[in-house]
There are 2 protein chains.
Amino acid sequence: METELIKEANCVAGTVKNTKPYSACLLFSANALARAITAIGDEEFGRFGLCYSHAYLLCEVVAQPGISPSQLSETLYLTPSTITRLVEKLESKRLVRRESEGKKTLIYPTSEGEALQPIVNEAWDRVGTRYSQLIGEKDVCQLTQQVFKAAQALGEGE
Amino acid sequence: METELIKEANCVAGTVKNTKPYSACLLFSANALARAITAIGDEEFGRFGLCYSHAYLLCEVVAQPGISPSQLSETLYLTPSTITRLVEKLESKRLVRRESEGKKTLIYPTSEGEALQPIVNEAWDRVGTRYSQLIGEKDVCQLTQQVFKAAQALGEGE
DNA sequence: TTGATTCTGTTGTATGTGCAAACAAATTTT
DNA sequence: AAAATTTGTTTGCACATACAACAGAATCAA
């Protein structure tokens, strides 16, 4: 349809007026996708009291005991202050512990944290399965790759 | 590289162990993208004290005076309660006003709100230009379309 | 050695968002 | 007509996230 094409054209130019171009704006679409998929993630990880970013952080700490907040910040694409808050939460659940060494902080998993990891991985499976089914398995990998590439490009460009 | 391919394979299966598969997980990538692009949006819209969702909402109200929260909720893919909060904020800035009619609520732009619209559109342009340049103009439209399609699929599948 | 700068991590504060519950109005059922 | 249900909107609360400011440690300069 021609009107569709016009909307698409506007998506880059951005001179959308009354044409409801939200779906053609990446700022809008990316946030909508993030909310929708986070809902799935939080539902699965929420079964054992975590949200998706806690789960990621825990996995990373288990994989690399003694990792620093700044490393986590880079890996997870999250602000240092956010990392502090997430670690605090995981600490209050006795899943990780912090050790201060000079100005550095080392984060280690507790035995409970390590024990939880397989369960986290199962939830991860379920999340992946669910969104793959809904989106279509064929498209997911490509989409993920492109989305990540875009996120990286935006992150570096600032 | 073979290791890369293995990671990709894991992205669907989700059985990632210590292979740092964050970039291969849509839950992770989508959120990273959303944060990065929202940072751009909020920077531009923040010049006049709005965040990106306020800007969207304002545009929609200007385009359709008397629109209801539930309609906005559907259009913007946001929860009714979130709409209420956004409208409250815009009301406190005297950009929209609410009228109660039975159980329904009608939202109208104020003259200030209408006057702001061109400025909002300019900011919109700048946002689009900025992320298009960083991501690559060619890829943006396709990416946006796919991201939106995925968001829709997830939204309906619940 | 001492002073300045830089790096790392943590807080105070603010904000967008959602869930669950409440509430009010409208509609349907009996 | 009265009761029950459904619909539209708003609140109470919680939470992830970020920015700005700060504090402590390390490094560098004089």
Side-chain angles (χ1 to χ4, degrees), chain A residues 27-28 30-43 45-46 49-58 66-74 76-93 96 98-107 151 155 158, chain B residues 27-28 30-43 45-46 49-58 66-93 96 98-107 151 154-155 158:
Chain A
L27 172 52
F28 174 82
N31 273 287
L33 177 60
R35 284 193 301 269
I37 199 167
T38 298
I40 295 177
D42 285 348
E43 192 184 321
F45 293 119
L50 300 183
C51 75
Y52 86 98
S53 39
H54 295 132
Y56 281 126
L57 203 155
L58 177 58
I67 195 172
S68 70
S70 49
Q71 282 175 283
L72 286 167
S73 170
E74 275 183 32
L76 301 181
Y77 281 59
L78 287 171
T79 298
S81 67
T82 301
I83 299 292
T84 299
R85 297 281 148 73
L86 294 177
V87 171
E88 276 171 1
K89 192 130 223 168
L90 255 57
E91 214 175 13
S92 79
K93 293 179 187 297
V96 305
R98 265 184 293 195
E99 262 179 38
S100 276
E101 186 168 287
K103 75 176 170 183
K104 294 203 135 192
T105 297
L106 309 177
I107 304 166
E158 269 170 78
Chain B
L27 172 51
F28 173 81
N31 273 287
L33 177 60
R35 285 193 299 271
I37 199 167
T38 298
I40 295 178
D42 284 348
E43 191 183 322
F45 293 120
L50 299 184
C51 75
Y52 88 99
S53 39
H54 295 129
Y56 281 126
L57 203 155
L58 178 59
I67 194 172
S68 70
S70 48
Q71 282 176 281
L72 286 167
S73 170
E74 274 183 33
T75 311
L76 301 181
Y77 282 59
L78 288 170
T79 298
S81 68
T82 300
I83 299 293
T84 299
R85 297 282 148 70
L86 294 177
V87 170
E88 276 171 2
K89 193 130 223 170
L90 254 58
E91 214 176 12
S92 79
K93 292 179 187 297
V96 306
R98 264 184 294 194
E99 261 179 38
S100 276
E101 187 168 286
K103 76 175 171 183
K104 294 202 134 191
T105 297
L106 310 177
I107 305 165
L154 295 185
E158 273 170 75

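Chain letters run A, B, ... following the sequence lines, proteins first, then strands; residues in each count from 1.
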> Could you tell me whether the side chain of B:Leu58 reaches within less than 4.5 Å of the side chain of B:Leu90, counting heavy atoms only?
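B:Leu90 vs B:Leu58: side chains touch.
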> Under 4.0 Å: is that the gap between some side-chain N or O of A:Arg98 and OP1 or OP2 of C:dG9?
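The answer is no; no side-chain N or O of A:Arg98 sits under 4.0 Å from OP1 or OP2.
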> Once side chain to side chain contact (heavy atoms under 4.5 Å, CB included) is applied, do any residues pair with A:Ser81, and if so which ones, sequence neighbours excluded?
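Only A:Thr79 meet the side chain to side chain contact (heavy atoms under 4.5 Å, CB included) criterion with A:Ser81.
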> Remember a base hit wins even if backbone is also touched, and classify A:Pro69 as base, sugar-phosphate or nothing at under 4.0 Å, heavy atoms.
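A:Pro69: backbone/sugar contact only, no base atoms under 4.0 Å.
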> How far does CG of A:Leu27 sit from OG1 of B:Thr38, to the nearest 0.5 angstrom?
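OG1 of B:Thr38 is found 5.5 Å from CG of A:Leu27.
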> Residues in side chain to side chain contact (heavy atoms under 4.5 Å, CB included) with A:Ser73, at least two apart?
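By the side chain to side chain contact (heavy atoms under 4.5 Å, CB included) rule, A:Ser73 matches A:Pro80, A:Ile83.
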> Using a 4.0 Å heavy-atom cut-off across all strands, classify B:Ser68 as base, sugar-phosphate, or nothing.
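The residue B:Ser68 makes sugar-phosphate contact but no base contact.
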> Would you please name every residue forming a ring-ring contact (aromatic ring centres under 6.0 Å, His included) with A:Tyr56, sequence neighbours left out?
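With sequence neighbours excluded, A:Tyr56 shows a ring-ring contact (aromatic ring centres under 6.0 Å, His included) to A:Tyr52, A:Trp124, B:Tyr22, B:Phe28, given in chain and number order.
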> For nucleotides 14-23 of chain C, give me every protein contact, N/O to N/O, under 3.5 Å, one pair per line with atom names.
unit_1, atom_1, unit_2, atom_2, d
C:dT17, OP1, B:Tyr52, OH, 3.4
C:dT17, OP2, B:Ser53, OG, 2.9
C:dG18, OP1, A:Arg35, NE, 3.4
C:dG18, OP2, B:Thr79, N, 3.1
C:dG18, OP2, B:Thr79, OG1, 3.3
C:dG18, OP2, B:Thr82, OG1, 2.8
C:dG18, O5', B:Thr79, OG1, 3.3
C:dG18, O6, B:Arg85, NH1, 2.8
C:dC19, N4, B:Ser81, OG, 3.0

> Got a second to check how far B:Asp42's CG is from B:Arg35's CZ, nearest 0.5 Å?
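The distance works out to 13.5 Å.
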> First contact, last contact: which nucleotides of DNA chain D are these for chain B, 5' to 3', heavy-atom distance under 4.0 Å?
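The contacted stretch runs from D:dT7 to D:dA18.
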> Could you list the residues that satisfy salt bridge (Lys or Arg N to Asp or Glu O under 4.0 Å) with B:Glu74, not counting sequence neighbours?
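Partners of B:Glu74 under the salt bridge (Lys or Arg N to Asp or Glu O under 4.0 Å) test: none.
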> For A:Thr84, what residues pass the side chain to side chain contact (heavy atoms under 4.5 Å, CB included) criterion, not counting sequence neighbours?
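In terms of side chain to side chain contact (heavy atoms under 4.5 Å, CB included), with neighbours along the sequence ignored, A:Thr84 is linked to A:Glu88, A:Arg98.
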> Please tell me if the side chains of B:Leu86 and B:Leu78 come closer than 4.5 Å, counting only heavy atoms from C-beta onward.
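Yes, side chains in contact.
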> Rounded to whole Å, how long is the line connecting atom CD of A:Glu99 with atom P of C:dT10?
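Rounded to the whole Å, the gap is 13 Å.
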> What residues form a side-chain hydrogen bond (donor to acceptor under 3.5 Å, both in side chains) with A:Thr105, not counting sequence neighbours?
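A:Thr105 satisfies side-chain hydrogen bond (donor to acceptor under 3.5 Å, both in side chains) with no residue once adjacent residues are dropped.
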> Figure out the CG/C1' separation between A:Leu72 and C:dT8, and round it to whole Å.
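Whole-Å distance recorded here is 13 Å.
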> Using atom names, set out every protein N or O paired with an N or O of nucleotides 24-29 of chain C below 3.5 Å, distance rounded to 0.1 Å.
unit_1, atom_1, unit_2, atom_2, d
C:dA25, O3', B:Lys103, N, 3.3

> Which residues satisfy the salt bridge (Lys or Arg N to Asp or Glu O under 4.0 Å) test with A:Glu99, sequence neighbours excluded?
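Checked A:Glu99 against salt bridge (Lys or Arg N to Asp or Glu O under 4.0 Å); matches are A:Arg97.
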